**Student:** 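One structure, pasted below without further comment.
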Amino acid sequence: MTMRSEALTMTKDGRLSAMKARFFGPTARQKLLAFASLVLLLIFFSFASPVFMQIDNILGILQSTAVNGVLAIACTFVIITGGIDLSVGTLMTFCAVMAGVFLTYWELPMWIGVVAAIATGALSGVVSGTLIAKMKIPPFIATLGMMMLLKGLSLVVSGTRPIYFNNTENFPMISQDSLIGLALPNLPIPNAVLILFALAALASVVLNRTALGRYTFALGSNEEAVRLSGVNVDRWKIAIYGLGGSICGVAGLLIASRLNSAQPALGQGYELEAIAAVVIGGTSLSGGAGTILGTIIGAFIMSVLTNGLRILSVAQEWQTVVTGVIIILAVYADILRRRKV
Amino acid sequence: MTPLIAIRGLSKSFPGVRALSDVQFELMAGEVHALMGENGAGKSTLMKILAGVYSRDAGEILYDGEPVSFSSPRAAQAAGVGIIHQELQLMNHLTVAQNIFIGREPRRLGVFLDEEKLNRQARDILEHMNLQLNPRAVVGALTVAKQQMVEIAKALSFNSRVLIMDEPTAALNNAEIAELFKMIRELKARGVGIVYISHKMDELKQISDRVTILRDGEYVATVPTQTTSMESIISMMVGRTLTEKPRAENATPLGDVALEVSNLNCGPLVRDISFTLRKGEILGFAGLMGAGRTEVARAVFGADKVRSGEIFVDGAKAAIKSPQQAVARGIGYLSEDRKRYGLATSMDVESNVVMSDLGKFLSLRFFLRKLAIRETVTKFINLLDIRTPSATQEVRLLSGGNQQKIVVAKWLVRDCEILFFDEPTRGIDVGAKNEIYKLLRNLADRGKAIVMISSELPEILRMSDRIVVMCEGRITGELLAKDATQERIMQLATQRETLNAA
């Protein structure tokens with residue numbers, strides 16, 4: 001393997017070797033591995049149960065991936081910098097609660113509620129980022145603190161009771177209606193899925209084509225070198241956590257819209273599922289490498305697994321066991337791949 | 001009398017570098033034998049082979065007249081050859097006793113640690129060494145000197161008969177050095193053979209019996225310390241004939257003062273530093289390792305917090321508190337440790353080259369202008385002759401010389417007028433070195449002001465218009481290129497403040 005990759009670098013034809021690197025390089029290999037696993041799972045479950053490939057079930061899988069997928073996108077940015085964000089789950093809930101405050105308590109128009117949820121997320125992300133960049137609190141601890149703080153705030157603000165969106169008739173539409181279904185009545189893919197894919201495309205552009213994305217990778221690759229290049233490392237780090245937070249705001253809107261209520265006790269545990277999706281998708285926990293596409297594949301692997309095992313009547317307890325095994329295998333694959341290079 | 005250690009015909013190569021070639025060395029019981037040579041002469045490599053850290057390519061090592069080959073530091077230690085590295089290898093959170101007996105803790109019932117016995121044994125060793133040290137003290141809370149004593153105690157607890165000390169006084173003050181020397185004399189009296197690696201001439205006079213000099217990985221001579229003058233040792237160390245071309249004269253006369261540093265203080269290794277740098281000039285910073293040259297560069301660049309002093313850029317006072325502000329003033333710093341401080345090695349050539357000035361390549365101040373980036377990067381790949389299959393090659397896959405060029409490109413993209421090159425040719429093969437030299441000269445001729453930090457004297461002499469020499473955080477002298485010789489620089493580089501060179 002080493003021999004071959006060395007031979008690659010010696011190739012005179014630069015474009016050829018760059019192309020090979022793109023398709024067969026280590027990151028690509030992990031992504032292929034994740035994608036192949038997803039396809040294998042799909043094939044396995046469709047043979048194992050006739051119900052699996054039915055349109056309703058597929059739509060269910062898509063719908064159930066949306067929230068975790070969006071949270072995983074938020075985590076992808078942070079994890080590529082070499083950090084971690086444990087607060088995404090409870091932040092999602094807090095954003096949903098804040099949407100409830102604006103829409104139900106204060107009876108403001110829906111777009112204000114949407115903006116408020118996303119702004120709340122961004123603000124919280126900026127706070128996390130500031131704790132990490134300026135006060136030098138390790139990301140794990142800073143976001144663990146934020147996780148608990150936000151959980152408490154959700155309960156305080158809502159008075160520990162769910163907030164229902166009774167004043168905003170259109171609110172459930174955000175997640176549950178289907179724009180695609182209007183055009184193609186046979187394919188009523190819910191908007192939540194549309195939002196997931198749109199957000200993924202947007203995030204991919206940000207990660208690969210903007211300064212923020214470039215610095216996301218650079219921070220994870222060698223933060224000190226970035227600092228010594230004269231880059232304002234703190235500011236970018238805060239911006240990245242802020243971006244992650246605002247994406248959590250979107251997740252908050254999705255889940256609130258699906259439940260037509262903000263459930264203040266919900267949220268804890270979501271962060272671990274999101275991180276699992278990111279890791280299964282090949283993003284390195286030590287930072288510097290990762291893709292949005294991989295994360296989306298990772299999120300689908302998790303929901304297909306859950307859905308398929310449920311259809312096969314595997315007990316809930318065992319589903320959790322299997323998910324755990326998959327996560328460990330995914331990380332081990334990541335370690336193997338790095339050892340080879 | 002059979003020597004304790006006899007090394008003959010020892011050779012060792014690392015990929016691309018011949019570190020040692022046919023080297024000999026001898027150590028008697030009860031002798032302090034100093035090992036001297038410039039940075040990179042092969043002293044540490046030789047001792048690491050003796051202590052089982054590296055394996056040898058050729059040659060033999062006799063221990064008590066018997067040929068030996070230690071496969072690991074552990075095997076060497078068990079046989080009685082101990083090494084105390086320049087960077088101490090202690091666990092700061094454990095106690096003195098726990099550190100001494102790490103890996104061979106006495107046990108009860110095979111499972112439970114016997115702390116009582118551990119502390120008792122440690123106390124015995126410390127008392128045997130006449131050391132006032134509590135075995136239960138936490139190592140991290142001790143002074144560096146005391147920590148060093150713990151290292152020595154650890155080595156002696158293996159009943160070491162050979163003790164190798166690599167720059168043991170680097171972090172000690174004078175009182176502590178006196179303490180260490182007392183200890184060395186006691187060990188000597190007990191018949192322990194000590195190899196002492198140091199750059200400090202005055203110390204060698206005080207403590208060593210014989211000196212062996214290495215140069216460029218080759219054995220030069222072994223001489224008795226008392227009857228040999230410092231000057232002749234220095235000339236043996238640097239005595240290589242200059243094979244490189246002499247310094248080319250400046251194509252253009254020097255310009256205005258670009259950078260003036262006055263009375264800069266920052267930690268123990270930047271003490272009252274003042275110098276000026278002109279446009280089109282290459283100012284060499286010479287000195288031994290740990291003299292504070294890198295620290296000066298980092299302080300000027302805003303990477304470390306400055307205690308006092310002023311910096312003027314183009315005659316105007318500049319308050320530089322972060323690398324960001326330094327870069328805004330047109331100062332660039334190329335670290336000696338490229339991989340740690342200069343490059344994001346898992347990213348591609350392109351990302352690294354534009355890292356210091358990404359703002360120039362954005363549309364709407366946010367989106368990367370990929371075509372513009374590619375164009376600029378291609379330009380610099382051609383200009384600096386960076387050998388890479390493409391602009392999207394990961395930097396870690398390139399050679400050291402090409403990596404260095406990428407760091408240079410990074411600062412040229414930013415249009416820095418003042419450039420600090422810290423050991424620009426470290427880890428680079430000879431051919432690539434010449435290219436880096438040419439590049440530096442070119443930059444100077446184009447009016448850039450350059451500080452070049454280097455531990456290689458021929459490089460300093462060849463490249464510099466003017467040379468500043470540092471020793472222990474102070475500037476000990478400034479030489480014009482035409483007045484500078486290796487001997488003169490070495491004298492200044494070893495001119496210590498407190499102990500006068502004998």
Side-chain angles (χ1 to χ4, degrees), chain A residues 2 4-22 25-28 80-82 202 205-236 239 243 284 286-290 338 341, chain B residues 298 301-303 322-335 337-348 350-352 354-359 361-370 373 381 387-399 407 410-411 413-414 416:
Chain A
T2 342
R4 196 191 301 167
S5 61
E6 260 172 28
L8 266 185
T9 65
M10 307 286 268
T11 320
K12 279 278 180 288
D13 187 346
R15 244 182 314 174
L16 183 70
S17 91
M19 233 157 72
K20 281 189 182 171
R22 172 167 296 177
T27 325
I80 292 175
T81 66
L202 200 66
V205 169
V206 170
L207 198 54
N208 295 308
R209 303 203 165 254
T210 69
L212 185 113
R214 181 58 58 84
Y215 286 129
T216 304
F217 282 109
L219 285 175
S221 182
N222 190 344
E223 185 173 330
E224 192 58 18
V226 181
R227 191 172 84 94
L228 291 177
S229 297
V231 175
N232 191 337
V233 166
D234 291 355
R235 202 183 67 196
W236 285 107
L243 175 69
S284 162
S286 45
R338 224 155 340 152
V341 179
Chain B
R298 286 181 60 96
F301 189 61
S322 68
Q324 203 191 335
Q325 289 168 342
V327 171
R329 294 284 184 160
I331 302 176
Y333 170 59
L334 292 83
S335 166
D337 192 341
R338 290 186 290 276
K339 290 193 179 133
R340 220 166 120 207
Y341 298 122
L343 293 166
T345 50
S346 65
M347 298 182 82
D348 58 19
E350 193 167 273
S351 306
N352 275 284
V354 297
M355 178 123 50
S356 62
D357 203 12
L358 204 51
F361 300 97
L362 299 179
S363 56
L364 305 171
R365 303 181 62 191
F366 194 59
F367 293 97
L368 300 177
R369 285 160 51 210
K370 291 223 163 180
I373 291 177
I381 287 176
R387 257 149 272 158
T388 170
S390 77
T392 54
Q393 179 78 333
E394 276 181 56
V395 166
R396 72 197 162 89
L397 299 171
L398 302 180
S399 73
V407 183
K410 181 167 98 174
W411 293 110
V413 166
R414 179 75 207 205
C416 284

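To find a chain, count down the sequence lines: A is the first, B the second, and so on, and within it residues start at 1. Keep in mind that this is a model prediction, so the values were computed, not measured. The figures that follow rest on heavy atoms only: side chains count, while hydrogens, waters and symmetry mates do not.
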**Student:** Can you tell me how far the CG atom of B/Asn352 sits from the OG atom of A/Ser221, to the nearest 0.5 Å?
**Tutor:**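 The CG atom of B/Asn352 sits 7.0 Å away from the OG atom of A/Ser221.
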**Student:** Could you look at A/Val233 and say if it's the side chain, the backbone, both or neither that has a heavy atom under 4.5 Å from chain B?
**Tutor:**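 For A/Val233, there is no contact with chain B at all, as no heavy atom is under 4.5 Å.
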**Student:** Determine whether a donor-acceptor pair (N or O, by modelled atom type, separation under 3.5 Å) exists between the side chain of A/Arg227 and the backbone of B/Ala303.
**Tutor:**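 Between the backbone of B/Ala303 and the side chain of A/Arg227 there is a qualifying donor-acceptor contact (under 3.5 Å).
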**Student:** Nearest 0.5 Å, what's the CG-NZ distance between A/Leu228 and B/Lys410?
**Tutor:**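 Going from CG on A/Leu228 over to NZ on B/Lys410, the span is 7.5 Å.
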**Student:** Can you say whether B/Phe361 sits under 4.5 Å from chain A via the side chain, the backbone, both, or neither, judging by heavy atoms?
**Tutor:**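 The answer is neither part of B/Phe361.
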**Student:** Apply the side-chain contact (heavy atoms from CB on, under 4.5 Å) test between B/Gln324 and each candidate in A/Asn232, A/Asp234, A/Val231; give the one that qualifies.
**Tutor:**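 Exactly one candidate clears the test, A/Asn232.
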**Student:** Could you go step by step and tell me if A/Asn222 and B/Lys339 meet the side chain to side chain contact (heavy atoms under 4.5 Å, CB included) rule?
**Tutor:** CA-CA 9 Å; A/Asn222 190 344; B/Lys339 290 193 179 133; over 6 Å; no
**Student:** Only pairs of heavy atoms separated by less than 4.5 Å count here; which of B/Gly332, B/Pro323, B/Ser346 has the most with chain A?
**Tutor:**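 Of B/Gly332, B/Pro323, B/Ser346, B/Pro323 has the most heavy-atom pairs under 4.5 Å with chain A.
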**Student:** Quick check on the interface: out of A/Arg209, A/Glu223, A/Glu224, who has the most heavy-atom pairs with chain B under 4.5 Å?
**Tutor:**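 If we count pairs closer than 4.5 Å to chain B, A/Arg209 comes out on top.
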**Student:** Could you grab the distance from atom CZ of A/Arg214 to atom CG of B/Leu362, nearest 0.5 Å is fine?
**Tutor:**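 Answer rounded to 0.5 Å: 10.0 Å.
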**Student:** With only heavy atoms counted, which part of B/Arg298 is less than 4.5 Å from chain A, the side chain, the backbone, both or neither?
**Tutor:**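 Interface part for B/Arg298: side chain.
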**Student:** Can you list everything that forms a salt bridge (charged side-chain N to carboxylate O under 4.0 Å, His left out) with B/Arg387? Sequence neighbours excluded, please.
**Tutor:**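 Listed in chain order: B/Asp385, B/Glu435.
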**Student:** Go through the atoms of B/Val354 and report whether side chain, backbone, both or neither lie under 4.5 Å from a heavy atom of chain A.
**Tutor:**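 When you check distances to chain A, only side chain atoms of B/Val354 fall under 4.5 Å.
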**Student:** Heavy-atom cut-off 4.5 Å, strictly under: side chain, backbone, both or neither for B/Thr345 against chain A?
**Tutor:**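 The backbone, not the side chain.
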**Student:** Rounded to the nearest 0.5 Å, what's the gap from CZ on B/Phe367 to CG on A/Asn208? Could you check?
**Tutor:**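 CG of A/Asn208 is found 12.5 Å from CZ of B/Phe367.
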